[in-house]
Trainee: 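Can you keep this structure in mind? I'll have questions shortly.
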Amino acid sequence: LAHTLDDSELTEAINMLVVARKERQAGTLINMKNTLRPGDTVEFYVSKRGCYVRATVEKTKTKKAIVIEEGNGLRWDVPMGMLKKV
């Protein structure tokens, strides 16, 4: 597609994808906020470690959740959009 579209069509296609991604992220955030409860097990990606971390939800806030990492007990303040229920 990048080779067949001219610059204006390519820009329009990129903007459409950006809008679709934002809508999906908003839907994921709302779904997570409505279903996440203390005690739930979640995973999130930590880029410095290059791996997923499994944790238990301690408290949910408006846009973030406080989770406790399994194994070492570290507390994380993670945005809801980064969490995935396990």
Side-chain angles (χ1 to χ4, degrees):
L1 225 72
H3 299 289
T4 60
L5 299 176
D6 64 26
D7 288 344
S8 63
E9 292 173 332
L10 188 58
T11 301
E12 186 179 338
I14 290 170
N15 289 336
M16 288 171 47
L17 290 172
V18 168
V19 169
R21 182 169 184 245
K22 285 182 181 180
E23 288 173 357
R24 283 186 185 185
Q25 286 177 330
T28 302
L29 175 65
I30 290 170
N31 185 38
M32 189 59 68
K33 285 171 64 172
N34 291 335
T35 60
L36 199 62
R37 302 284 178 253
D40 287 347
T41 302
V42 293
E43 282 185 343
F44 60 98
Y45 186 75
V46 179
S47 59
K48 285 187 178 183
R49 294 185 190 175
C51 64
Y52 283 90
V53 171
R54 187 172 288 211
T56 304
V57 176
E58 180 179 310
K59 179 182 177 182
T60 58
K61 301 189 289 183
T62 305
K63 293 186 178 183
K64 295 183 177 184
I66 297 175
V67 298
I68 301 174
E69 184 177 344
E70 290 182 358
N72 59 13
L74 287 176
R75 276 199 169 89
W76 296 79
D77 195 11
V78 184
M80 294 269 190
M82 290 181 60
L83 297 174
K84 184 175 99 176
K85 270 189 169 182
V86 180

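Atom set for the values below is all heavy atoms of this structure, side chains included, hydrogens, waters and symmetry mates excluded. Bear in mind that the values here come from a model prediction, so they are computed numbers and not experimental data.
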Trainee: Shortest non-hydrogen contact from Leu36 to Ala65?
Mentor: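 Between these two residues, the closest heavy atoms are CD2-CB, 4.1 Å.
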Trainee: Does Leu5 share a hydrophobic cluster with Leu17, counting links as ILVMFWY side-chain heavy atoms below 4.5 Å and allowing steps through other members?
Mentor: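 Each belongs to a different hydrophobic cluster.
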Trainee: Kindly say whether Ile30 contributes a backbone atom to a donor-acceptor pair with the side chain of Asn34 at under 3.5 angstrom?
Mentor: yes
Trainee: For residues Ala55 and Phe44, report the shortest heavy-atom separation together with the two atoms involved.
Mentor: CB-CE2, 4.1 Å
Trainee: Just verifying a value: how many Å separate Leu10 CG and Asn15 CG, rounded to the nearest 0.5 Å?
Mentor: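 The distance works out to 9.5 Å.
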Trainee: Tell me, yes or no, whether the heavy-atom count around Asp7 atom CG, taken from other residues, nucleotides or ligands under 6.0 Å, exceeds 12.
Mentor: no
Trainee: Cluster question for you: counting only ILVMFWY and a side-chain heavy-atom cut-off of under 4.5 Å, with indirect links fine, are Leu29 and Val78 together?
Mentor: yes
Trainee: Counting neighbours of CD on Glu70 that are heavy atoms of other residues, nucleotides or ligands and sit closer than 6.0 Å, is the number greater than 12?
Mentor: yes
Trainee: State, with a plain yes or no, whether a side-chain heavy atom of Met80 is found less than 4.5 Å away from one of Thr28.
Mentor: no
Trainee: Quick check: do Thr60 and Lys33 have side-chain heavy atoms less than 4.5 Å from each other?
Mentor: no
Trainee: Group every Ile, Leu, Val, Met, Phe, Trp and Tyr by side-chain heavy-atom contacts under 4.5 Å, then state whether Leu83 and Val53 land in the same group.
Mentor: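 Same cluster: Leu83 reaches Val53 through Ile, Leu, Val, Met, Phe, Trp or Tyr contacts under 4.5 Å.
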Trainee: Counting heavy atoms not belonging to Lys59, are there more than 12 under 6.0 Å from its NZ?
Mentor: no
Trainee: Does any part of the side chain of Asp77, heavy atoms only, come nearer than 4.5 Å to the side chain of Lys61, both counted from C-beta?
Mentor: yes
Trainee: With the 4.5 Å side-chain cut-off for hydrophobic clustering, are Ile68 and Val42 part of the same group?
Mentor: no
Trainee: Counting neighbours of CZ on Arg49 that are heavy atoms of other residues, nucleotides or ligands and sit closer than 6.0 Å, is the number greater than 12?
Mentor: yes
Trainee: Do Val57 and Arg37 have side chains that get closer than 4.5 Å, going by heavy atoms?
Mentor: no
Trainee: When rounded to the nearest 0.5 angstrom, what distance separates OG1 in Thr11 from CG in Asp6?
Mentor: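 Answer for the OG1-CG pair, Thr11 versus Asp6, is 8.5 Å.
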Trainee: Take atom OH in Tyr52; do more than 12 heavy atoms of anything else shown fall under 6.0 Å from it?
Mentor: no
Trainee: Please determine whether residues Met32 and Val86 belong to a single hydrophobic cluster, defined as Ile, Leu, Val, Met, Phe, Trp and Tyr linked transitively by side-chain heavy-atom distances below 4.5 Å.
Mentor: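 No, because Met32 and Val86 fall into different hydrophobic clusters, even though each may have its own neighbours under 4.5 Å.
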Trainee: Using a 4.5 Å cut-off on heavy atoms from C-beta on, say whether the side chain of Thr4 contacts that of Glu9.
Mentor: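 Result no, sub-4.5 Å side-chain heavy-atom pair not found.
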